[in-house]
Protein chains: 2
Amino acid sequence: MYKSKPEVVAAFREHGLRCTPRRYAVLDYLARHPVHATADEIFQAVNRTDPRTSRATVYNSLHALAEAGLVREVHLEGKSVRFDAIIERHHHFVCEQCGSVEDIAWFDVPRLSRHAQLGARLIRDYEMILRGTCEVCSSKLS
Amino acid sequence: MYKSKPEVVAAFREHGLRCTPRRYAVLDYLARHPVHATADEIFQAVNRTDPRTSRATVYNSLHALAEAGLVREVHLEGKSVRFDAIIERHHHFVCEQCGSVEDIAWFDVPRLSRHAQLGARLIRDYEMILRGTCEVCSSKLS
DNA sequence: TTTTGTGCAAAAGGTTTGCATACGA
DNA sequence: TCGTATGCAAACCTTTTGCACAAAA
């Protein structure tokens with residue numbers, strides 16, 4: 001969810017991260033555009049606002065944010081990694097028509113739970129990937 | 001599951017694909033090594049057997065096989081796409097220690113089904129990604 | 001014979017790295 | 001001030017492409 005600037009600064013601190021303008025811009029963009037942007041989309045947006053911003057810094061910021069747990073990497077079809085500022089547990093939906101990715105509110109899979117075992121494996125977490133046709137695309141089809 | 005050569009040839013035919021030695025080698029490698037190899041790992045293996053094999057052909061073969069539905073792309077953490085010769089529905093488990101990927105036998109998520117609706121979205125299919133510690137790594141930890 | 005697959009090498013696209021400089025705490 | 005973030009450019013790695021040649025149907 002979207003956090004106020006002081007909250008974000010506090011979150012940075014908590015994770016031993018300096019709150020720099022670029023990092024803030026990256027996180028802010030992600031929080032305000034929950035569409036699972038790629039690094040390049042984030043770079044384009046942040047660079048538009050502050051043209052001095054470089055690609056490398058966007059990548060650095062994303063890694064720092066990810067390591068601090070303020071942002072999540074999302075690996076799905078397509079060549080580039082996507083990023084998500086929503087770090088609470090949730091599932092993902094991928095539209096096979098337009099490629100958009102949406103968050104799906106969390107629901108438990110009864111058979112599983114965190115810290116469950118599956119065979120000799122230890123489950124730390126799980127998520128679902130749903131694929132199909134998004135609202136916009138299904139309205140276009142009809 | 002592993003198919004005999006005539007079965008594979010038939011499967012190729014069915015999808016309008018010529019059965020060439022490279023394609024066969026790629027599919028055969030994947031079927032015999034169900035560890036979700038990357039294109040490069042497949043290239044290394046196939047090239048070891050037949051040193052004339054090029055990277056480009058491995059990529060071409062993988063795309064042809066994927067398009068024909070004989071192979072699946074698996075997108076997970078890491079820079080490269082992984083491939084899976086098991087095309088039946090199943091889930092995936094990723095070991096956060098060693099990065100290995102294992103198939104998990106299919107089970108339904110009661111709340112969902114193919115062709116279900118979730119909001120205004122049409123679900124065509126779904127899968128689970130489980131993350132944790134694999135058998136080998138958890139035995140090393142204890 | 002005709003169509004399509006293959007190898008090679010070069011290019012592309014996304015991401016990482018090295019280094020000098022600028023900036024936050 | 002000190003340590004680290006930043007910009008730039010070059011490097012890297014995976015994947016794609018163009019083209020001449022070879023092989024499958």
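Everything numeric in this text was worked out from a predicted model, so none of it was measured. By convention in this document, chain letters (A, B, ...) are assigned in the order of the sequence lines, proteins followed by strands, and residues within each chain are numbered from 1.
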Peer 1: If you look at every strand shown and take non-hydrogen atoms under 4.0 Å, does A/Thr38 touch a base, only sugar-phosphate, or nothing?
Peer 2: nothing
Peer 1: Is A/Arg22 close enough to D/dG7 that one of its side-chain N or O atoms is under 4.0 Å from OP1 or OP2 there?
Peer 2: yes
Peer 1: If you look at every strand shown and take non-hydrogen atoms under 4.0 Å, does B/Ala39 touch a base, only sugar-phosphate, or nothing?
Peer 2: sugar-phosphate
Peer 1: Are A/Val81 and A/Thr38 packed together at the side-chain level, in the sense that at least one heavy-atom pair is separated by less than 4.5 angstrom?
Peer 2: no
Peer 1: Between D/dG7 and A/Thr57, is there an OP1 or OP2 to side-chain N/O distance shorter than 4.0 Å?
Peer 2: yes
Peer 1: By nearest heavy atom, map B/Lys79 and B/Ala56 onto DNA chain C; which one lands nearer the 5' end?
Peer 2: B/Ala56
Peer 1: In terms of side-chain heavy atoms of A/Asn60, which of D/dT16, D/dT6, D/dT15 is nearest?
Peer 2: D/dT6
Peer 1: How many angstroms lie between CG in B/Leu70 and CD in B/Glu14, if you round to the nearest 0.5 Å?
Peer 2: 8.5 Å
Peer 1: Without decimals, in angstroms, what is the distance between B/His63 NE2 and D/dT17 C1'?
Peer 2: 12 Å
Peer 1: Do B/Phe107 and B/His91 make the cut of ring centroids closer than 6.0 angstrom?
Peer 2: yes
Peer 1: On DNA chain C, which is the earliest and which the latest nucleotide, 5' to 3', with an atom closer than 4.0 Å to a heavy atom of chain A?
Peer 2: C/dG14 to C/dA25
Peer 1: Can you check whether B/Val109's main-chain N or O pairs, donor with acceptor, with B/Tyr126's side chain at less than 3.5 Å?
Peer 2: yes
Peer 1: Would you mind reading off the distance between B/Arg55 atom CZ and D/dC13 atom P, rounded to a whole angstrom?
Peer 2: 11 Å
Peer 1: Rounded to the Å, how far apart are B/Arg82 CZ and D/dT14 P?
Peer 2: 12 Å
Peer 1: Would you classify A/Thr53 as touching base, sugar-phosphate or nothing, given that sugar-phosphate means primed atoms plus P, OP1 and OP2, and contacts are heavy atoms under 4.0 Å?
Peer 2: sugar-phosphate
Peer 1: Between A/Arg131 and B/Glu127, is there a side-chain N and carboxylate O pair less than 4.0 Å apart?
Peer 2: yes
Peer 1: Report yes if some heavy atom in the side chain of B/Ile42 is under 4.5 Å from a heavy atom in the side chain of B/His33; otherwise report no.
Peer 2: no
